[in-house]
Amino acid sequence: MTIWRRNRSWLWPALFIAPGIILFGIVIVGSSVQSLWISFFQWDGFDEMQWIGLGNYIEMLDDPQFYISLRNNIIWLAVFMLAPPLGLFFALLINQQIRGMRIVKSLFFMPLVMSQVAVGVVFTWFYDPSSGLLALFFEAMGATAPALLSDPRWVTLAVVFAALWPQVSFCVILFMAGLNNLDESQIEAARVDNAKGWKMLWYVILPQLRQVNFIAIAVTVIGALRSFDMISVMTSGGPFGSSNVLAYQMYSQSIQAYRFGYGAAIASVLFAIMVVFISWYLWRMLRMEKEGA
Amino acid sequence: MYPRQISKDDVLKKYLYLAAVTLVLMLWLLPLGAVILTSVRPASDAAVGNYWGWPSGFDLVKNYTEVFTQTPMGRYFFNSLVITIPSVIGVLVLSTLTGYVLSRYRFRGNTLLFAIFIGGNFLPFQIMMIPVRDLTISLGIYNSYLALIIFHVAFQTGFATLFMRNFIASLPDELFEAARSEGASPLQTLIHVVIPLVRPALAALAILAFTFIWNDYFWAVVLTPSDAVKPVTAGLDNLKGQYVANWSLISAATIAIAIPPVVMFFLMQRHFIRGLTMGAVKG
């Protein structure tokens, strides 16, 4: 009892934080580390695990599917970079205090609130070559609609553009918040100096949106690399693996092909790529926090 | 304000602008609009190839009733609620505790812990997939509600901790000093100071966590393969495979599963936006 009383000032906080740390530590951190370990084994998920060292990674270097997935991840990343500028564009468009604009703003955010599965289903029909809306446009112009989702040349771009839809919405939200936190006096001063159009945006507004820009790019990069849902719903990585990405290849190697060791190795590569971005994000965020405090 | 605001008195310009923006919005939401139209379309429309034109009639009630009577969607909905609600409660409880400690107690490793909570939140799910699946198998909860609940609580606690820590750190220091000078224990401070003050943050966090968990698809396919426990996202994916030709049914199901998060968003929009833009702007 006395021990408790003497130490309660730190025992309580330790007790408070323990459940969160234990759960997060085991399920999130522990699992991630364990996956790195599993990547050195050959394992079908049932029998004994067999140590094969770097075997999975060596196999990956000779796996054409790995390179296709990696290339697609890069395409996702590149196309997703359209989301921040498009988001800024829409945010500028709707940042007017006109009656009726509020509902317009809310509706702009709809794609973000819906699940990616729903977005995937919506776009699967949009692209449908026999009855989709896209086919209708092509017919109106007297052309035959391409079967985007079954054409290896177009499939990845088709899925990425669908995924861009909610991502742009996310960026609109971020930039709207940024635009509403601008320093009015700077804008007024610039207006007195007759700053207009691009110059105003480039020299006065964008420097003030640096923080928002950074967050928009960070969440977009991470979103692009994490893509899974849309691919699973729209193409299952097909046709013939041509729209696969590392996240989906990992899933199909493990759950469908029972090659857990190889799956873990693919996940580890994805993890390594993302850790670079996550560290960059954390470093900047913690630094900003120190400056702010 | 930037961009320059359209003058309040220029009525014509105001309406023209609003009309132009509405046009852009309609193009933006075109795919969604088409699905909504399809969801109220009578089956006869599909038979004559009228997929995207104006519906020949409105079968709203019939189509949506069908979703819940002809397919297991009702079951999936129930499952989603059973998974999402306890998960949200768990996240709120854990993150209030972790956020309180991380924001109000200085100790070695505080920043490191905080960084791990945030960083973990950005990890690709696949890096945790195999061990989490094994963990649920060895605990005997694979393919059950509990498997998803435990994962969601653990994962969302990362983001929620960031959220609650920042919120509690922004509360006035005097309150905590007063509590300390009156000899309140940390538990008493938690109950009498922290909990009454964090209610608005909890509301915002609750709808964000609800949306994230409701919309989760990956963990649903990994941890709950059977229809009896599967949530709406994985359920919709199933329906899509089974009812390939029945578009009005699939679109009605798509709209139905989007309704709970959309309603939440409209009810608490400001909270929602504040949560998502946290870190991007002050306040």
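It should be emphasised that the depicted structure is a prediction, and the values quoted were computed from it without experimental measurement. Lettering follows sequence order; numbering is per chain, from 1.
Contact of B/Thr211 with chain A is made through the side chain alone, with heavy-atom distances under 4.5 Å. With a threshold of 4.5 angstrom between heavy atoms, B/Gln269 approaches chain A through side-chain atoms but not through N, CA, C or O. Using a 4.5 Å cut-off between heavy atoms, A/Trp165 contacts chain B through both its backbone and its side chain. Only the side chain of A/Ile103 comes within contact range of chain B, with at least one heavy atom under 4.5 Å from a heavy atom of that chain. Neither the backbone nor the side chain of B/Val232 comes within less than 4.5 Å of any heavy atom of chain A. A/Met274 touches chain B through its side chain: at least one heavy atom from C-beta onward sits under 4.5 Å away, while N, CA, C and O do not. In this structure, the portion of A/Leu282 lying under 4.5 Å from any heavy atom of chain B is its side chain and not its backbone. In this structure, no portion of B/Tyr15 lies under 4.5 Å from any heavy atom of chain A. B/Lys14 touches chain A through backbone and side chain together, each having a heavy atom under 4.5 Å away. Residue B/Ile36: no heavy atom, backbone or side chain, is found under 4.5 Å from chain A. Looking at A/Ile38, only its side chain comes within 4.5 Å of chain B, counting heavy atoms on both sides. Using a 4.5 Å cut-off between heavy atoms, A/Glu184 contacts chain B through its side chain alone, with no backbone atom that close. Heavy-atom distances place both the backbone and the side chain of B/Phe218 under 4.5 Å from chain A. The contact between A/Val104 and chain B is made by backbone and side chain atoms together, counting heavy-atom distances below 4.5 Å. Both the backbone and the side chain of B/Ile250 come within less than 4.5 Å of a heavy atom in chain A. If you measure heavy-atom distances from B/Phe265 to chain A, the contacts under 4.5 Å come from the side chain alone.
The aromatic rings of A/Tyr248 and A/Tyr251 are tilted relative to each other, their planes meeting at an angle between 30° and 60°. Using bins of under 30°, 30° to 60° and over 60° for the plane-to-plane angle, the ring pair A/Trp37/A/Phe41 lands in the perpendicular bin.
Note on B/Asn121, B/Val93, B/Leu123: by heavy-atom pairs under 4.5 Å with chain A, the leading option is B/Leu123. In terms of heavy-atom pairs under 4.5 angstrom with chain B, the leader among A/Phe109, A/Phe16, A/Phe260 is A/Phe16. Between chain A and the residues B/Ile127, B/Leu236, B/Leu94, B/Leu29, the most heavy-atom pairs under 4.5 angstrom are made by B/Ile127. Among B/Ser95, B/Ala20, B/Ala258, B/Gly120, the residue making the largest number of heavy-atom pairs under 4.5 Å with chain A is B/Gly120. Of all the listed residues (B/Thr161, B/Ile273, B/Leu18, B/Asp216), the one sharing the greatest number of non-hydrogen pairs under 4.5 Å with chain A is B/Leu18. Taking A/Leu15, A/Val117, A/Ile222, A/Ile255 one by one and counting their heavy-atom pairs under 4.5 Å with chain B, the maximum is reached by A/Val117. Highest contact tally toward chain A, considering only B/Asp134, B/Ile137, B/Ile259, is held by B/Asp134 [criterion: heavy-atom pairs under 4.5 Å]. Ranked by non-hydrogen atom pairs under 4.5 Å with chain A, the options B/Asp237, B/Thr22, B/Thr157 are led by B/Asp237. Per-residue heavy-atom pair counts under 4.5 Å with chain B were compared for A/Phe123, A/Trp43, A/Phe108, and the maximum is reached by A/Phe108.
Aromatic ring centres of A/Phe214 and A/Tyr281: separated by under 6.0 Å. Taking the six-membered ring for Trp and the full ring otherwise, B/Phe117 and B/Phe114 have centroids separated by 6.0 Å or more.
Side-chain contact check for A/Ser232 and B/Tyr217: at least one donor-acceptor pair (N or O, by modelled atom type) lies under 3.5 Å. In this structure, a donor-acceptor pair under 3.5 Å is absent between the side chains of B/Ser87 and B/Gln156.
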Start with the C-alpha gap between B/Phe125 and B/Phe155, add the side-chain angles, then the distance that decides, and say whether ring pair (Phe, Tyr, Trp, His ring centres under 6.0 Å) holds.
-> CA-CA 10 Å; B/Phe125 284 149; B/Phe155 186 75; 5.0 Å; yes

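Remark: A/Leu93 engages A/Phe90, B/Tyr17, B/Val21, B/Val24 in a side-chain contact (heavy atoms from CB on, under 4.5 Å) (not counting sequence neighbours). Judged as a salt bridge (charged side-chain N to carboxylate O under 4.0 Å, His left out), and not counting sequence neighbours, A/Arg226 has no contacts.
Counting heavy atoms from C-beta outward, B/Leu97 and B/Leu190 have side chains that approach closer than 4.5 Å.
A cation-pi arrangement, defined by a distance under 6.0 Å to the six-membered ring centre and an angle within 45 degrees of its axis, is absent between B/Arg104 and B/Tyr100.
Residue A/Ile94 holds its CD1 atom at 5.0 Å from CE of A/Met176, rounded to the nearest 0.5 Å. The structure places CG of B/Leu102 at 10.5 Å from CG of B/Asn166, a figure rounded to the nearest 0.5 Å. In this structure, B/Met129 CE and B/Leu223 CG are separated by 9.5 Å, a value rounded to the nearest 0.5 Å.
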